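Worth saying up front: this structure is predicted, and the values here are computed from it rather than measured. One-based numbering, in listed order, for ligands and for the atoms of each. Reckoned from all heavy atoms, side chains included, excluding hydrogens, waters and symmetry mates.
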Amino acid sequence: MRHFIENMPKAELHVHIEGTLEPELSFALAKKNNIALPFSTPEALIAAYDFHDLPSFLKIYYAGMSVLIEEEDFYRLTWEYLEKAASQNIVYAELFFDPQGHTTRGVAFETVITGIHKAQQDAKEKLGIDSKLILCFLRDMSAESAMDHLKMAEPYLDWLIGVGLDSDELHNPPLKFKDVFALARQWGLKLTMHCDVNQKNTLEHIGQVLDDIEVDRIDHGVNALESESLCEKIKAKQLGLTVCPVSNRFVVQSLTSNEIKKMLEKGLLATINSDDPAYFRAYLNENFMALQEEGNFSKEELLTLAGNAFKVAWLDTKEKDSYLDKLNNYGQKAVA
Ligand code: HPA
Ligand code: ZN
C-alpha cells in the first residue's frame with residue numbers, strides 16, 4: 001500500500017502555503033532576518049506544537065509567520081513545498097495563501113504574492129509540477145479588510161484562480177463575506193470556503209456556502225453528512241469536499257475515515273489533502289497512509305479519492321482528462 005500510495009499521481013487542493021513552513025526553514029529565515037525565536041532548536045519548536053482545536057492551532061500558525069519578511073522568503077517557502085510535493089508524485093496543487101497574515105505585520109501584498117508566484121513558475125519549469133494560487137481571507141477579520149485585500153489583488157488577477165475563507169469560524173459565518181465573494185465571482189475567480197469540522201452552527205454555515213455564496217468547492221465540510229438535504233445539494237452541484245484527515249485528528253481527534261467512507265458511498269466528491277503539513281507533520285502521502293491504515297481503504301477507493309481531486313480541480317476539461325488518464329493507467333497497472 002505504501003508504494004501504491006507513494007507512486008500514485010495525485011493532486012492537492014487544500015494546503016495553506018504558510019502551513020508548509022518547516023521548523024528548519026523557520027530557523028534559517030529567523031537568522032537571515034534577525035528575528036529572535038522563543039525556541040533554541042527546530043526540535044524544541046516542534047515539541048511546542050500542542051494543538052487540540054482550531055484556535056490552539058491558529059495561534060501557533062500565525063506566530064510562525066513572523067519569519068516571513070522578504071519576497072525571497074515567500075519564494076523559498078513555496079519552492080520547498082512544491083519540491084516536496086513533486087517528490088510525493090503530486091502533479092498538480094492549488095495553494096492557499098493568507099495575505100492578511102502578512103500585511104498586518106507590515107509586509108506588502110506585492111512582496112507576498114510575487115515571491116509565491118515566481119516559485120510556482122520555476123517549479124513548473126524545473127520540477128514539472130503545475131500549481132495555482134487561491135487568496136484566502138481571514139474570517140476573524142472584518143469584511144472591509146477582506147474587501148481591501150481583494151482590491152489589492154486586482155493587478156494580480158492573472159496569478160489567481162480563486163478566493164477562499166479560513167481562520168476561526170466561531171461567530172464568523174460565510175454570510176459575513178457575501179459582498180466580497182460576489183465581487184470575486186464577478187472578476188472571474190472561483191470560490192471556496194472552509195467549513196471546519198465540528199464548528200458551532202456548522203450545518204447553517206454549510207447551507208450558507210451552498211445557497212448564499214454559491215461556492216465552487218467546500219474545504220472540509222465533513223459535517224454535511226449529518227444532513228441528507230445538504231448532501232443532496234452537494235451531490236447535485238457536484239461540489240468537491242477537500243478533507244484533511246491528519247489535520248482533523250489534531251483538531252477533532254479523529255481521522256474521519258468513517259465519514260470519508262460514507263462520502264464515497266453517497267457518491268460525494270471527497271478528496272484527501274494535507275492542510276498544514278509542516279505543523280501536522282504529515283504531507284499528502286502520509287495523509288493517505290494514515291487514512292488507509294485506520295479505515296482499511298482498498299486500492300480502488302484510494303484511486304477514487306485521488307481521481308476526485310482531478311475532477312474537482314480548477315482546471316479545464318482537457319487538462320483534467322489528461323491527468324485522469326494518467327491516474328487510470330497507473331491504477332490499471334497497479335491493481336492488475
Ligand atoms: N482551518 C481554518 N483556518 C486555517 C486552516 C484550517 O484548516 N489552516 C490554516 N488556517
Ligand atoms: Zn485549511
Quick check, are the ring centers of [X] and [Y] under 6.0 angstrom apart?
X	Y	result
His149	Phe137	no
Tyr49	Tyr279	yes
Phe74	His117	no

List for me each residue that meets salt bridge (Lys or Arg N to Asp or Glu O under 4.0 Å) alongside Glu22, sequence neighbours excluded, and say none if there are none.
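For Glu22, the residues satisfying salt bridge (Lys or Arg N to Asp or Glu O under 4.0 Å) (neighbours in sequence not counted) are Arg281.
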So if I apply the side-chain contact (heavy atoms from CB on, under 4.5 Å) rule between [X] and each of [options], which one comes out positive?
X	options	answer
Asn308	Leu303, Leu269, Ile272	Leu269
Leu133	Thr78, Ile161, Leu160, Ile17	Leu160
Asn89	Lys10, Glu6, Met8	Lys10

Side chain Lys299, main chain Met1, donor-acceptor under 3.5 Å
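Side chain of Lys299 to backbone of Met1: no pair is present.
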Short list, please: which atoms of ligand 1 are under 4.0 Å from a heavy atom of [X]?
X	value
Leu54	1 (N), 2 (C)
Asp166	3 (N), 4 (C), 10 (N)
Leu58	3 (N), 4 (C), 10 (N)
His220	7 (O)
Asp276	5 (C), 8 (N), 9 (C)

Salt bridge (charged side-chain N to carboxylate O under 4.0 Å, His left out) partners of residues 45-71, not counting sequence neighbours, each pair once
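For residues 45-71: Lys32-Glu70, Glu71-Lys118.
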Nearest to [atom], what protein heavy atom do you find, and at what distance?
atom	answer
atom 7 (O) of ligand 1	Asp275 OD2, 2.8 Å
atom 5 (C) of ligand 1	His16 NE2, 3.4 Å
atom 1 (N) of ligand 1	Asp196 OD2, 2.9 Å

Report all side-chain donor-acceptor pairs from residues 61-68 shorter than 3.5 Å, counting only partners two or more places apart or in another chain.
| unit_1 | atom_1 | unit_2 | atom_2 | d |
| --- | --- | --- | --- | --- |
| Tyr61 | OH | Asp98 | OD2 | 2.6 |
| Tyr62 | OH | Ser167 | OG | 2.6 |
| Ser66 | OG | Ala63 | O | 3.1 |

Test of understanding: given a 4.0 Å heavy-atom threshold, classify the contact between Tyr61 and ligand 1 as side chain, backbone, both, or neither.
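The side chain, only.
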May I ask whether Asp98 has any heavy atom positioned less than 4.0 angstrom from an atom of ligand 1?
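The answer is no: ligand 1 sits nowhere under 4.0 Å from a heavy atom of Asp98.
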Ser167: heavy atom below 4.0 Å from ligand 1, yes or no?
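Yes, Ser167 has a heavy atom closer than 4.0 Å to ligand 1.
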Taking the Zn ion (ligand 2) as the centre, how many protein N/O/S atoms fall inside a distance shorter than 2.8 Å?
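Counting protein N, O and S atoms closer than 2.8 Å to the Zn ion (ligand 2) gives 4.
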Closest contact, heavy atoms only, Ala93 versus Tyr81:
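Closest approach of Ala93 to Tyr81: CB-OH, 4.1 Å.
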